[in-house]
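Have a look at the structure below, then the notes.
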Amino acid sequence: MLVTGLEILRKARAEGYGVGAFNTNNMEFTQAILEAAEEMKSPVILALSEGAMKYGGRALTRMVVALAQEARVPVAVHLDHGSSYESVLKALREGFTSVMIDKSHEDFETNVRETKRVVEAAHAVGVTVEAELGRLAGIEEHVAVDEKDALLTNPEEARIFMERTGADYLAVAIGTSHGAYKGKGRPFIDHPRLARIAELVPAPLVLHGASAVPQELVERFRAAGGEIGEASGIHPEDIKKAISLGIAKINTDTDLRLAFTALVRETLGKNPKEFDPRKYLGPAREAVKEVVKSRMELFGSVGRA
Ligand SMILES: O=C(COP(=O)(O)O)NO
Ligand SMILES: [Ca+2]
Ligand code: NA
Ligand SMILES: [Zn+2]
């Protein structure tokens, strides 16, 4: 059933598990994510970026909202990294039940003002809001403290920010970063900082850039003809620890993309004569479903629907 992001995330934070927010751009990803959620009896968040909205248009948004309504588990349809008030209004018009306004690159007062404006509009139509404070950027452990403070979320600022904006959940910067290369070796995750934020912010917390980028998947991608430089993701133990400290929403996009693309490359490579799209999109869909199921097991959301 279609529910708001807060309905899913409030329970997750209260009960100490995480819920995956998985990005989708098409039918196959949407089916894979929802099938995984129903098989695992797990709540789930379907995330569409502005790029996905542009790529898929109403074919995508109408499909995602309709399938979320029919799903046998709680599903929120979420705008990922909304960059403007107008973009959020479009998502609200399409029936989304969760919207992110990402003004973390702006100064504090601008972020507060823009986020507040989105909260008023979204709450007026019963939709909940994700905001962001801090700059997502992979950092090395030895980085100077003041530079860390410039980048990562300041706990005291986070408290004030949430009180002033009324946002429902908060994306924090504690060392993760988007994409397939999150830093040399095991990225440094500032757990003490997260613990401090969680003490001051009772709202569910959100972790962006959380893909694991598992080596076996990277190897499979390369073996199938894919080219990717040194790749590394967030260690599963760091995800579990972050959840125990207050992270309730975990964003995963890169892992799904790698799995899907590795399988398309593999299938096409093995069958040069094949030109029925179902024959190479189907196995890729299954690969995405397997990644989603394993992420749900890691997050502890299995059986929580
Ligand atoms: O934060 C993400 C996804 O992060 P990844 O690149 O680590 O999958 N989407 O908003
Ligand atoms: Ca941001
Ligand atoms: Na998001
Ligand atoms: Zn993100």
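Sequential numbering from 1 along the given sequence is applied to the chain's residues. The structure presented is a predicted model; accordingly, all values stated were derived computationally and were not measured. Each ligand, and each atom within it, is numbered from 1 in the order the structure gives.
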Atoms of type N/O/S from protein, distance to the Ca ion (ligand 2) below 3.0 Å: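 Protein N, O or S neighbours of the Ca ion (ligand 2) under 3.0 Å, waters not counted, come to 4.
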
Apex the Na ion (ligand 3); atoms His78 NE2 and Lys249 NZ; angle rounded to 10 degrees: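 About 70° at the Na ion (ligand 3).
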
Using only N, O or S atoms, tell me which atom of Asp80 is closest to the Na ion (ligand 3).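 Going by distance to the Na ion (ligand 3), the closest N, O or S atom in Asp80 is OD1.
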
Could you check whether [X] pairs with [Y] (Lys NZ or Arg NE/NH1/NH2 to Asp/Glu carboxylate O, under 4.0 Å)?
X: Glu109; Y: Arg164; value: yes
X: Arg196; Y: Glu199; value: yes
X: Glu163; Y: Arg159; value: yes
X: Glu35; Y: Lys289; value: yes

Quick check on the hydrophobic clustering: are Val19 and Leu194 connected, directly or via other members, by side-chain heavy-atom contacts under 4.5 Å?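 No.
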
Aromatic plane relationship, His78 with Tyr169 - under 30° parallel, 30 to 60° tilted, over 60° perpendicular: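 Tilted.
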
Report the atom name of the nearest N/O/S atom of His208 relative to the Zn ion (ligand 4).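 It is ND1, the N, O or S atom of His208 closest to the Zn ion (ligand 4).
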
Going by distance alone, is a donor N or O of one side chain under 3.5 Å from an acceptor N or O of the other, for Glu50 and Ser83?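 Per modelled atom types, Glu50 and Ser83 side chains form a pair under 3.5 Å.
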
